[in-house]
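Inspection log for the structure reproduced underneath, given as structure tokens.
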Amino acid sequence: MANKFNKVVLSINAHPDDADLTAGGTAIQFARLGHRVLFVSLTNGDAGHYNNGGGALAKIRRAEAEEAGKRLGVTYKVLDNHDGELMPDLQVRLQIIRLIREWNASVVIGPRPYDYHPDHRNAAILLQDAAYMVMVPNVAPDTPPLKKNPVFLYVYDRFRKPYPFQPDITVDISGVLKQKYYAVIAHKSQFFEWLPWIDGVEDKVPENEEERLEWVAATYQTPIDSLERQSLIKWYGENKAEQITYAEAFEICEYGKQPSNDEIRKLFPMLPERK
Ligand SMILES: [Zn+2]
């Protein structure tokens, strides 16, 4: 299936489970179509627990990410920066520039800089700071620069200030929802321990695996809103868009390549061809 037209998609986030939630269903479809997908966690997740931490937790989270990657069909890379302490500094920026170049990414996906978690905001700034610089030969000169700026995309978040998320590209994930959450629940330490603890719903965690998957999907998969529905109509046509029950949406960052609609259809081969 692999050929020279294959694309490389990088989803770069703060924590080892962020990419799964925001772009897991889209990643499954890229991978099924023979494209390469790399999920990157900029931190090792060593703060995400209430009675575990440091190197021991980082080890658990690395193994969970690896399992999630297998379930999605993507490569999962966990960098060794501390969780809860991610800063938009030059060292991490250079790590990102090198990764984007080494993988020759066409698309780079990550958070907007308006999210509640400082690591998410800083991950967003790091991505913005890497866009354009990936083409500058004198920056990180040990790694050959890209000839073209990739398309940088933001993932959905619910925050409305300074401006709400705009769904420029919305992907139907109805057919892969179960596989997405099968991958998400590989992060056991998060979805059945840490997050229920910090959200005060530890007593709600179901016992069996099937119920657990459904519980996590119901908790974390946001319903399609009216702007996303309009975007689905644009990309899939009215008839198909009506039948779509779950989706992942992306906003185009102004600092990367600005793709035309035709280029977006080529970059996202799971979108139907224009009629
Ligand atoms: Zn996170």
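Read the numbers this way: they start at 1 and go in the same order the structure lists the ligands and their atoms. Worth saying up front: this structure is predicted, and the values here are computed from it rather than measured.
Within H120, the N, O or S atom lying nearest to the Zn ion (ligand 1) carries the name NE2. Of all the N, O or S atoms in H15, the one closest to the Zn ion (ligand 1) is ND1.
Side chain of E67 to main chain of R62: no donor-acceptor pair is present (N/O by atom type, distance under 3.5 Å, no hydrogens or angles).
Stacking of R158 on the aromatic ring of F165 is not recorded, the 6.0 Å distance cut-off and the 45° axial limit not both being met. Stacking of R112 on the aromatic ring of Y154 is not recorded, the 6.0 Å distance cut-off and the 45° axial limit not both being met.
No side-chain donor-acceptor contact under 3.5 Å links S260 and D262.
Among the backbone and side-chain atoms of D18, an N, O or S atom lies under 2.8 Å from the Zn ion (ligand 1).
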